[in-house]
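What follows is a single structure, written as structure tokens, with notes after it.
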Amino acid sequence: MGSATSSSGFPDFLDLAADQVAEGLLGCEIERKLDGETVVVRIVETEAYDEMDEASHTFRGRTPRNEVMFSEPGHLYVYFTYGMHYCCNVVCGPAGHGAAALIRAVEPVEGVESIERRRGIPGKAATNGPAKLCEGLGIDLEMNGHDLRREPLVLRERQLSDGEIVARTTRIGITRAADRVRRYLIAGNPYVSRPA
DNA sequence: GACAAGATTTGCT
DNA sequence: GCAAATCTTGTCG
């Protein structure tokens with residue numbers, strides 16, 4: 001994994017393959033500035049996708065929608081689905097390979113009230129799902145392609161706490177390549193969308 | 001140009 | 001546990 005919190009705080013492993021990035025993102029923080037407020041959350045669950053994956057948006061090549069997944073690692077790929085939900089991913093390397101790590105669940109660290117107000121629901125139910133956390137953090141298509149090194153949405157590397165262990169399982173909500181073990185989560189964390 | 005499916009969430013039975 | 005809500009994207013004709 002990356003070194004223990006580099007000076008800039010920005011992860012140095014994002015140019016690696018999707019699975020390594022997905023695992024490395026666990027424990028990392030996202031700082032979101034919106035409406036004059038600052039919200040900080042900690043990533044507790046992710047999933048890996050890339051061109052060789054039948055379940056990935058990039059499996060059948062480049063399209064207007066997935067173009068961002070082929071851009072520089074460290075950018076945000078946001079997509080709209082089911083006619084009402086947004087989900088966000090961190091673009092992974094190597095650059096131009098159409099890979100990304102879906103952020104499936106986060107744990108509030110700061111500004112919980114702001115998240116709950118936007119979601120209209122208190123507690124872990126406010127951020128324990130890909131579309132839920134996007135709504136809670138006010139992320140939509142306007143953030144597609146955003147550079148995560150800049151405000152108002154910044155990604156910072158953080159180590160897992162002592163005793164925290166990474167668990168791997170098959171992914172959730174997909175029908176193709178459903179048997180591939182590419183979902184990563186912090187074992188036992190109460191904010192994950194579903195236990196391991 | 002038309003149609004089916006979708007990296008989900010929520011509410012009701 | 002199951003189905004509805006809701007609409008964009010990709011694929012096929």
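We use all heavy atoms of the structure for the numbers below, so side chains are in, but hydrogens, waters and symmetry mates are not. Every chain is numbered from 1 and lettered A, B, ... according to where its sequence line falls, protein lines coming before strand lines.
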Using purine N1 to pyrimidine N3 plus N6-O4 or O6-N4 for Watson-Crick, or N1-O2 and O6-N3 for G-U wobble, both under 3.5 Å, which nucleotide pairs with B/dA7?
-> none
Quick one: A/Leu141 CG to C/dT9 C1', roughly how many Å, whole number?
-> 12 Å
Calculate the interatomic distance between A/Ile174 atom CD1 and B/dA5 atom C1'; express it in whole Å.
-> 14 Å
Check every strand shown and say whether A/Ile121 touches a base, only sugar-phosphate, or nothing at a heavy-atom separation below 4.0 Å.
-> sugar-phosphate
Could you please name the partner base of C/dT6, counting Watson-Crick and G-U wobble pairs only when both distances are under 3.5 Å?
-> none
Rounded distance in Å - CZ (A/Arg62) to P (C/dT11) | 15 Å
Is A/Ile121 reachable from A/Val112 through a run of hydrophobic residues whose side-chain heavy atoms are each under 4.5 Å from the next?
-> no
Can you tell me how far P in C/dG1 sits from the matching atom in B/dA7, rounded to whole Å?
-> 23 Å
Can you tell if the side chain of A/Cys87 reaches within under 4.5 Å of the side chain of A/Leu102, non-hydrogen atoms only?
-> yes
For A/Lys132 and B/dG11, what is the distance between atoms NZ and P respectively, to the nearest whole Å?
-> 10 Å
Name the closest nucleotide to the A/Arg65 side chain, picking from B/dA7, C/dT6, C/dG10.
-> C/dG10
Among side-chain atoms of A/Glu51 and A/Thr58, is any donor-acceptor pair under 3.5 angstrom?
-> no
A/His85, nearest nucleotide to its side chain (from B/dG6, B/dA7, B/dT9) = B/dT9
A/Tyr86 OH to C/dC7 P, straight-line distance once rounded to whole Å | 10 Å
Identify whether any heavy atom of A/Phe80 sits under 4.0 Å from a base atom; if not, whether one sits that close to sugar-phosphate; answer base, sugar-phosphate or nothing.
-> sugar-phosphate
Would you indicate, yes or no, if C/dT9 has its OP1 or OP2 atom less than 4.0 angstrom from a side-chain nitrogen or oxygen of A/His57?
-> no
Would you mind classifying the nucleic acid contact of A/Ala55 as base, sugar-phosphate or nothing, using non-hydrogen atoms under 4.0 angstrom?
-> base
Under 4.0 Å between any heavy atoms, over every strand shown, what does A/Leu102 touch: base, sugar-phosphate, or nothing? Just pick one.
-> base
side-chain N/O A/Arg104 vs B/dT8 OP1/OP2, d < 4.0 Å = yes
For the side chain of A/Pro64, starting at C-beta, report the closest nucleotide among C/dG10, B/dT10, B/dA7.
-> C/dG10
Face-to-face stacking of A/Tyr49 with B/dA7, centres under 5.5 angstrom, angle under 30° | yes
Any idea which of C/dT11, B/dA7, B/dT10 is nearest the A/Asn89 side chain?
-> B/dA7
Between A/Arg65 and A/Tyr77, is NZ or CZ placed under 6.0 angstrom from the six-membered ring centre and within 45° of the ring axis?
-> no
Reckon A/Thr81 has a side-chain N or O less than 4.0 Å from the OP1 or OP2 of C/dC7?
-> no
Check every strand shown and say whether A/Arg171 touches a base, only sugar-phosphate, or nothing at a heavy-atom separation below 4.0 Å.
-> nothing
Calculate the interatomic distance between A/Arg194 atom CZ and C/dG1 atom P; express it in whole Å.
-> 11 Å
Would you say B/dT10 has OP1 or OP2 under 4.0 Å from some side-chain N or O of A/Arg119?
-> yes
Integer-rounded Å distance: C/dT9 P and A/Asn144 CG = 11 Å
Report, as yes or no, whether the 6.0 Å neighbourhood of atom CZ on A/Arg60 holds more than 12 heavy atoms from other residues, nucleotides or ligands.
-> no
Any luck finding a side-chain donor-acceptor pair between A/Ser193 and A/Glu45 under 3.5 Å?
-> yes
Taking atom C1' of C/dC7 as reference, at what distance in whole Å does atom OH of A/Tyr79 sit?
-> 15 Å
Side-chain atoms of A/Ala131 come closest, of B/dG6, B/dA7, B/dT9, to B/dT9
